[in-house]
Amino acid sequence: MNKVFGLLMVCLLSFNMAWAQEERIPAKGFAVDSKEGHFHPYDFTRHAVGDNDILIEILYAGICHSDLSSVWSEHGKSNYPMVPGHEIVGRVIATGKNVSKFKTGDYAGVGCMVNSCGECADCKADMEQSCQKGPVFTYGFHDPYHDNEITMGGYSNNIVVSEDFAITVPAGADIKRVAPLLCAGVTTWSPLHYSNVKKGDKVGVAGFGGLGHMAVQYAVRLGAEVTVFDITEEKRDDAARLGAARYVNVNNPEDLKGLDNSFDFIISTIPLPYEPFMYVKMLKKGGDLAIVGLPENSTLDITAMAFQAPNRRVYASFIGGIKETQEMLDFSIANNIYPEVEIIKADAAEIENAYKSVLDGKVKFRYVIDMSTIDKK
Ligand code: NDP
Ligand code: ZN
């Protein structure tokens with residue numbers, strides 16, 4: 001009798017494994033079909049859980065300004081239907097047979113990338129974001145490693161990803177506030193470390209939104225003296241609360257006085273057209289301006305005069321590699337550094353309203369969608 005039961009269990013287990021490895025995974029999310037940007041509930045499927053993959057039940061997804069740009073095709077025509085979202089955190093609910101980093105029940109995060117070639121010099125140097133064959137971004141991109149299907153992001157109830165592109169999240173993390181670390185966190189952490197910002201440095205943070213308020217927290221934690229630049233009076237107190245020494249409303253000429261030649265490092269997260277020369281002039285000799293903001297028309301109007309400032313560097317920075325993302329996340333949680341978030345329901349109209357508020361500068365500082373509230377029907 002026991003033998004029969006044992007045989008039955010083996011058969012059942014093999015059937016389950018076959019399901020886990022071959023069947024596509026049903027998913028529910030919110031998509032837009034055109035640059036008009038109207039969200040609607042959307043049923044789709046994800047590729048099956050491969051041997052090195054994990055299946056994550058998404059708990060929270062952040063709304064990054066890049067999502068707005070992608071939805072509205074601001075940087076070239078996007079692929080539709082699009083399920084945005086590259087700030088993702090959730091719980092592992094299935095693992096492929098080779099997975100060693102995660103077990104069922106663990107928290108896991110996913111950022112802007114879900115794959116890369118793994119073989120080029122950049123991938124080998126932990127810079128998957130500049131993979132020479134092109135990284136596979138989390139949504140809206142063809143995935144050559146999965147029949148060229150178009151990736152679908154985190155405004156959804158689940159995601160399948162290789163464990164190599166998933167970030168471990170400690171059990172004690174304040175999980176509601178983790179998702180924005182996966183993009184806003186690493187995008188600002190990375191250039192601060194690349195430029196070796198240290199105690200006593202004078203740091204400028206231009207654009208005090210989702211990314212900017214993370215930059216302020218990291219720079220303050222590194223012991224820098226931080227100045228925030230934004231276009232509103234509404235955030236002056238918030239800057240002080242997060243530890244900034246000075247707040248500059250760039251629309252107020254008085255605020256801008258006496259700043260030239262005074263910064264070791266400035267990060268610009270500005271998402272709208274602006275003149276970077278203003279910030280180049282503010283750098284000390286040897287200072288760095290890291291540009292991470294991507295203005296909507298994809299062009300930066302930089303005057304040739306900017307290149308007459310000797311020994312100042314202006315460089316591009318783009319998210320961060322997986323190893324660096326893990327380091328940022330571990331550091332942030334160990335040091336209680338989190339984004340300030342406003343939680344919204346998983347609802348198409350709420351997401352559209354949130355987009356309007358991001359554009360109007362009303363959000364403080366990141367909207368996060370509670371994906372557990374998605375209509376399961
Ligand atoms: P947010 O909208 O949250 O924040 C942008 C902030 O910039 C807002 O506070 C806004 O003011 C402020 N701002 C607008 N114009 C100016 C100006 N002329 N001078 C100073 N401040 C200004 O956006 P995010 O932080 O989510 O993203 C910022 C940018 O970074 C986007 O372009 C996004 O696409 C890009 N990005 C780039 C990444 C990379 O790897 N390079 C990764 C992720 C994002 P107000 O609040 O009043 O509107
Ligand atoms: Zn982002």
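What you see below is based on every heavy atom in this structure, not just the backbone, and it leaves out hydrogens, waters and symmetry mates. Remember, it's 1-based here, ligands and their atoms both numbered in the order they're listed.
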Which option out of [options] puts a heavy atom nearest to [atom]?
| atom | options | answer |
| --- | --- | --- |
| atom 47 (O) of ligand 1 | T269, I231, V205 | I231 |
| atom 35 (C) of ligand 1 | V292, V248, L359, V358 | V292 |
| atom 4 (O) of ligand 1 | P271, S70, G209, G361 | G209 |
| atom 11 (O) of ligand 1 | I63, D230, V363, N249 | D230 |

Side chain, backbone, both or neither: which part of [X] comes within less than 4.0 Å of ligand 1 when only heavy atoms are counted?
| X | result |
| --- | --- |
| F229 | backbone |
| T187 | side chain |
| K235 | side chain |

> What atoms in ligand 1 come closer than 4.0 Å to a heavy atom of C183?
Replying inline: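 Matching atoms, with element in brackets: 42 (C), 43 (C).
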> Which ligand 1 atoms, with their elements, are less than 4.0 angstrom from a heavy-atom of I270?
Replying inline: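 What qualifies from ligand 1 is 15 (N), 16 (C), 17 (C), 18 (N), 19 (N), 20 (C), 21 (N).
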Any luck finding a side-chain donor-acceptor pair between [X] and [Y] under 3.5 Å?
| X | Y | value |
| --- | --- | --- |
| N249 | N252 | no |
| N261 | R312 | yes |
| Y274 | S268 | yes |
| D33 | Y42 | no |

> Any idea which protein heavy atom is nearest atom 33 (C) of ligand 1, and the distance to it?
Replying inline: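 Of every protein heavy atom, S66 OG, 3.4 Å lies nearest to atom 33 (C) of ligand 1.
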>> Counting non-hydrogen protein atoms only, what is the nearest one to atom 26 (O) of ligand 1? Give residue, atom name and distance.
In response: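 Checked against all protein heavy atoms, atom 26 (O) of ligand 1 sits closest to R366 NH1, 2.6 Å.
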With respect to [X], determine whether any N or O atom, backbone or side chain, lies less than 3.5 Å from an N or O atom of ligand 1.
| X | result |
| --- | --- |
| Y279 | no |
| F365 | no |
| Y274 | no |
| L294 | yes |
| G210 | yes |
| I319 | yes |
| T232 | no |
| H65 | yes |
| L211 | yes |
| L272 | no |

SB check [X] [Y] (cutoff 4.0 Å):
| X | Y | result |
| --- | --- | --- |
| R46 | D53 | no |
| K202 | D264 | no |
| E327 | K323 | yes |

> S317 near ligand 1, heavy-atom distance under 4.0 Å?
Replying inline: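 Judged by the 4.0 Å heavy-atom criterion, S317 does count as contacting ligand 1.
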>> In this structure, does ligand 1 have an atom that sits under 4.0 Å from one of the heavy atoms of C64?
In response: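 Yes.
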>> Using the Zn ion (ligand 2) as the vertex, how large is the angle between SG of C183 and NE2 of H86, rounded to 10 degrees?
In response: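 Value returned, to the nearest 10°, is 110°.
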>> For a quick test of reading the model, state the closest non-hydrogen atom pair linking I159 to V110 and the distance between them.
In response: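 Taking I159 first and V110 second, the nearest heavy atoms are CG2-CG2, 4.3 Å.
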>> For the aromatic rings, using the six-membered ring if either is Trp, is the centroid distance between Y139 and Y155 under 6.0 Å?
In response: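 That pair fails the under 6.0 Å test.
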> Are the side chain of K235 and the backbone N or O of D230 linked by a donor-acceptor pair below 3.5 Å?
Replying inline: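 Not a single qualifying donor-acceptor pair exists.
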>> Would the distance check show the side chain of Y367 and the main-chain N or O of A61 forming a donor-acceptor pair, the cut-off being under 3.5 Å?
In response: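 It does not hold such a pair.
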> Has H65 got an N/O/S atom less than 2.8 Å from the Zn ion (ligand 2)?
Replying inline: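 No, since none of the N, O or S atoms of H65 sits under 2.8 Å from the Zn ion (ligand 2).
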> Does C64 bring an N, O or S atom to under 2.8 Å of the Zn ion (ligand 2)?
Replying inline: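 Within the cut-off used here (under 2.8 Å), C64 does place an N, O or S atom near the Zn ion (ligand 2).
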>> If you apply the rule side-chain hydrogen bond (donor to acceptor under 3.5 Å, both in side chains), what do you find for S130 with D122, and how did you get there?
In response: CA-CA 6 Å; S130 63; D122 289 292; 3.3 Å; yes
>> Take a 6.0 Å sphere around OH of Y194 and say whether it holds more than 12 heavy atoms from other residues, nucleotides or ligands.
In response: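 Result for OH/Y194: open.
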> Any side-chain heavy atom of P135 within less than 4.5 Å of one from E128?
Replying inline: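 Answer no - side chains too far apart.
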> Could you walk me through whether S78 and W72 pass the side-chain contact (heavy atoms from CB on, under 4.5 Å) check?
Replying inline: CA-CA 8 Å; S78 299; W72 296 333; over 6 Å; no
